[in-house]
Every structure is written in C-alpha cells, then in structure tokens.
*Asks:* 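This is the structure I want to talk about, given as structure tokens.
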Amino acid sequence: MFTQFKYWKPYISPFDPCEPIRIKSYSTPPQLYIQFQPPGLPQYPTAKQALHCGTLWPDLFSPYPNPEKKGN
Amino acid sequence: MTTKKLPPEYYQMLEEIQANDFVALELNLYLDTHPNDFEAIKQFNDVSLKSMEMKVEFEKHFGPLMNFGRSFSNYPWNWKDAPWPWQV
C-alpha cells in the first residue's frame with residue numbers, strides 16, 4: 001500500500017549551530033500512484049466534506065501538511 | 001453610521017454555495033479527462049443546476065453575487081454595497 005509521506009534522515013554536522021531537524025518528510029499524494037483515474041470512484045457523501053478534504057474522491061485525499069510534524 | 005450586521009444564514013448559504021461550486025469544479029476537471037463518463041456528466045448537470053438555484057435564492061435575500069448581467073438586482077441598485085468578497 002502506498003504511504004502519504006516518505007521520511008529520511010539528513011546528515012547532521014557536529015558544527016550545526018541550531019537544533020537540527022533529525023527526520024524530514026515529503027508528501028507523496030495518491031495521484032502519484034494512479035496512472036489514470038478509473039471512472040466511478042467512490043465520492044464523499046456531502047459537498048462540504050469534499051470541500052474540507054480538498055477533493056471529491058477519498059482515494060485521492062492527501063493530508064497536507066504532515067499531521068505528525070506538528071507545525072514545523 | 002451603524003455597521004452592517006449580517007445574519008448567520010448569510011454565511012451558511014454562502015458556504016453551501018462554495019461547497020457546491022467546489023464539487024462542480026472537481027467534476028469539471030474530471031470530465032476534461034473523462035469525456036465519456038455519463039454518470040459524471042449527469043452529476044455535473046445536477047450540481048450546476050443546484051448551484052444556479054442556490055445563487056438565485058441567495059441573491060433574493062442578500063443582493064447580487066455577480067454583476068454585468070449575471071445576477072438580478074434589487075431596488076435600489078446595490079451590487080456595490082458591502083461586504084465585498086474579500087470583506088466577507
């Protein structure tokens with residue numbers, strides 16, 4: 001199954017003046033893994049929900065920014 | 001000069017129109033790449049019709065949403081009245 005985010009550990013220099021970010025992530029939304037959207041995908045029941053999630057189809061939803069990152 | 005206070009329905013109806021238009025937009029983009037998807041076209045037409053009805057309904061209470069002939073006007077001419085889209 002695809003994951004919404006991929007993580008990697010950047011190199012941290014011993015002379016790094018600030019608190020380093022040890023684990024960084026980047027978003028890999030579902031559309032990267034779907035070549036061509038098949039017709040008849042299930043949709044969100046209400047328009048407001050679709051508006052809130054930013055897409056009409058739950059399969060294409062991607063939670064950006066990363067919820068685990070807590071803001072930075 | 002009393003500052004104009006808008007009823008909560010104003011925001012509820014506006015949000016519904018926004019959500020409805022978002023669905024229309026999503027379907028529009030989907031149909032660009034899926035021209036033969038009959039179900040989506042039916043849904044798109046329903047959503048568009050609903051959007052027009054909601055806008056006419058909204059305009060009855062709170063004045064025109066669009067100008068240059070895309071909305072009816074009340075009396076007196078009030079499309080210039082606050083709130084403008086960025087003031088909502």
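Per chain, numbering begins at 1; letters A, B, ... match sequence-line order.
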*Asks:* With a 4.5 angstrom heavy-atom cut-off, could you sort out which part of B:Asp37 is near chain A: side chain, backbone, both or neither?
*Replies:*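 Only the side chain of B:Asp37 comes within 4.5 Å of chain A.
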*Asks:* Atom OH of B:Tyr30 and atom CG of A:Leu41: how far apart are they, to the nearest 0.5 Å?
*Replies:*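 One finds 7.0 Å between OH of B:Tyr30 and CG of A:Leu41.
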*Asks:* Inspect the surroundings of NZ in B:Lys80 and state if more than 12 heavy atoms from other residues, nucleotides or ligands are less than 6.0 Å away.
*Replies:*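 Result for NZ/B:Lys80: enclosed.
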*Asks:* With the 4.5 Å side-chain cut-off for hydrophobic clustering, are B:Leu65 and B:Met52 part of the same group?
*Replies:*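 No, B:Leu65 and B:Met52 fall in different hydrophobic clusters.
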*Asks:* How long is the span from the CG atom in B:Asn20 to the OG1 atom in A:Thr46, to the nearest 0.5 Å?
*Replies:*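 Between atom CG of B:Asn20 and atom OG1 of A:Thr46 there are 11.5 Å.
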*Asks:* Tell me, side chain or backbone of A:Gln43 under 4.5 Å from chain B's heavy atoms, or both, or neither?
*Replies:*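 Only the side chain of A:Gln43 comes within 4.5 Å of chain B.
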*Asks:* B:Glu26 side chain to A:Leu56 main-chain N or O, any donor-acceptor pair under 3.5 Å?
*Replies:*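 Checked: pair present.
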*Asks:* Is chain B contacted by the side chain of A:Tyr44, its backbone, both, or neither, given a heavy-atom distance below 4.5 Å?
*Replies:*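 Interface part for A:Tyr44: neither.
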*Asks:* Report the distance from atom NZ of A:Lys48 to atom CD of B:Gln18, rounding to the nearest 0.5 Å.
*Replies:*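 Answer rounded to 0.5 Å: 10.0 Å.
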*Asks:* Would you say OH of A:Tyr64 has more than 12 non-hydrogen atoms from neighbouring residues, nucleotides or ligands within 6.0 angstrom?
*Replies:*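 Counting other residues, nucleotides and ligands, OH of A:Tyr64 stays at 12 neighbours or fewer.
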*Asks:* Is it true that a side-chain atom of B:His34 and a backbone atom of A:Gln37 form a donor plus acceptor pair closer than 3.5 Å?
*Replies:*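 Yes; judged by distance alone, with no hydrogens or angles, the pair exists.
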*Asks:* Inspect the surroundings of NE2 in B:His61 and state if more than 12 heavy atoms from other residues, nucleotides or ligands are less than 6.0 Å away.
*Replies:*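 Counting other residues, nucleotides and ligands, NE2 of B:His61 exceeds 12 neighbours.
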*Asks:* Using non-hydrogen atoms and a 4.5 Å limit, figure out which bit of A:Thr55 sits close to chain B: side chain, backbone, both or neither.
*Replies:*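 It is both, since atoms from each part get that close.
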*Asks:* Within the supplied structure, the quantity of interest is the number of heavy atoms (other residues, nucleotides, ligands) at a distance under 6.0 Å from A:Phe36 CZ; does it exceed 12?
*Replies:*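 Yes, enclosed.
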*Asks:* Is it the case that more than 12 heavy atoms not belonging to A:Lys6 sit under 6.0 Å from its NZ atom?
*Replies:*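 Yes, enclosed.
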*Asks:* More than 12 non-hydrogen atoms from neighbouring residues, nucleotides or ligands closer than 6.0 Å to CZ on A:Phe2, yes or no?
*Replies:*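 Above 12, so yes.
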